[in-house]
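Notes follow once the structure below has been shown.
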Amino acid sequence: MHHYPEASADTAVIFDFETSGLSPNYGDRAIEIGAVRIKSGKVVDRFQQLMNPGFRISGFIESYTGISNELLKDAPACEEVMEAFADFIGEDNLVAHNASFDKRFLEAELERVGIHFRGNIACSMLLARRIYQRAPNHKLGTLVAYRNIQAEDVFHRALADSEMTSRLWLKMIEDLQSQYLLPELSFATMQKLSRTPKSKVHSFLSSFSSE
DNA sequence: TGCCAGGCCCTCTTTAGGGCCTT
């Protein structure tokens with residue numbers, strides 16, 4: 001897999017996992033993957049698949065996600081789905097909301113099928129904490145409302161959350177471009193911004209725009 | 001319905017603690 005951090009920020013795969021819990025190191029597995037591919041700011045492809053983790057999920061996860069054990073019973077195994085998702089990712093850069101969480105599951109599930117993921121992942125939450133410092137909080141649902149982004153009819157399903165994260169990602173690009181008069185933002189610049197101390201965000205963007 | 005992990009980030013910090021996010 002080759003990845004291109006110098007690629008434009010508006011071309012990427014935005015993805016989201018639903019899982020049986022919080023930690024793959026403690027036996028949790030993916031139960032659903034959803035993704036939206038954007039190219040030059042437009043949605044050009046989608047991926048959504050439930051997957052059977054091989055055990056019953058808790059009642060908490062059933063009600064949190066709306067994904068029942070009954071639904072998972074006939075779903076393909078994680079390994080089969082993850083191989084297909086690796087093909088879907090291809091060479092694109094990745095985005096997720098609170099990416100450290102989704103990255104852990106992506107790496108753990110891909111390792112199970114012999115794929116060592118080495119791509120770039122940007123975090124929309126870290127960016128939103130810098131760009132929307134006055135938002136009430138930086139949960140996906142709050143940011144969607146805060147920025148008047150079209151919501152899906154459900155939350156906590158993989159494709160719906162991916163769709164909303166993709167809209168948030170594009171909105172952040174749009175807001176940065178209009179606020180700092182930037183002609184184009186690279187994926188790498190977005191990643192750098194997500195690691196810039198909050199107090200230095202303005203100077204980072206100002207210096208970048210004058211380069 | 002929740003507090004199982006872990007990275008980020010602030011503060012009454014660095015020999016640490018706790019809230020925010022994700023499921």
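Hydrogens, waters and symmetry mates play no part in the numbers below; they use all other heavy atoms, side chains included.
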Which residues pass the side-chain hydrogen bond (donor to acceptor under 3.5 Å, both in side chains) test with Lys42(A), sequence neighbours left out? none

Which other residues belong to the hydrophobic cluster containing Leu71(A), where Ile, Leu, Val, Met, Phe, Trp and Tyr are joined when side-chain heavy atoms lie under 4.5 Å apart, directly or via other members? Ile31(A), Leu50(A), Ile57(A), Phe60(A), Ile61(A), Tyr64(A), Ile67(A), Leu72(A)

Using a 4.0 Å heavy-atom cut-off across all strands, classify Phe17(A) as base, sugar-phosphate, or nothing. sugar-phosphate

Using a 4.5 Å cut-off between side-chain heavy atoms of Ile, Leu, Val, Met, Phe, Trp and Tyr, which other residues end up in the same hydrophobic cluster as Met125(A)? Leu126(A)

Residues two or more places apart in sequence or in another chain: which of them pass side-chain hydrogen bond (donor to acceptor under 3.5 Å, both in side chains) with Arg129(A)? none

Which residues satisfy the salt bridge (charged side-chain N to carboxylate O under 4.0 Å, His left out) test with Glu184(A), sequence neighbours excluded? none

Counting just side-chain N and O atoms, does His156(A) come under 4.0 Å of either OP1 or OP2 of dT23(B)? yes

Once salt bridge (charged side-chain N to carboxylate O under 4.0 Å, His left out) is applied, do any residues pair with Arg167(A), and if so which ones, sequence neighbours excluded? Glu152(A), Glu163(A)

Tell me, which of residues 69-84 of chain A have any heavy atom that sits under 4.0 Å from an atom in DNA chain B? none

side-chain hydrogen bond (donor to acceptor under 3.5 Å, both in side chains) involving Arg147(A) - partner list, sequence neighbours excluded: Asp175(A)

Protein-proximity profile, nucleotides 3-10 of chain B, B/S/- by nucleotide at the 4.0 Å heavy-atom cutoff, equals -BBB-SSS

Most 5' of Gly59(A) and Asp16(A) on DNA chain B, judged by nearest nucleotide: Gly59(A)

Applying salt bridge (charged side-chain N to carboxylate O under 4.0 Å, His left out) to Glu109(A) and not counting sequence neighbours gives Arg29(A)

Give the residues of residues 131-140 of chain A touching DNA chain B, defined as any heavy atom closer than 4.0 Å, sorted by residue number. Asn137(A), His138(A), Lys139(A), Leu140(A)

Please identify each residue that fulfils ring pair (Phe, Tyr, Trp, His ring centres under 6.0 Å) with Phe47(A), with sequence neighbours left out. Phe85(A), Phe88(A)

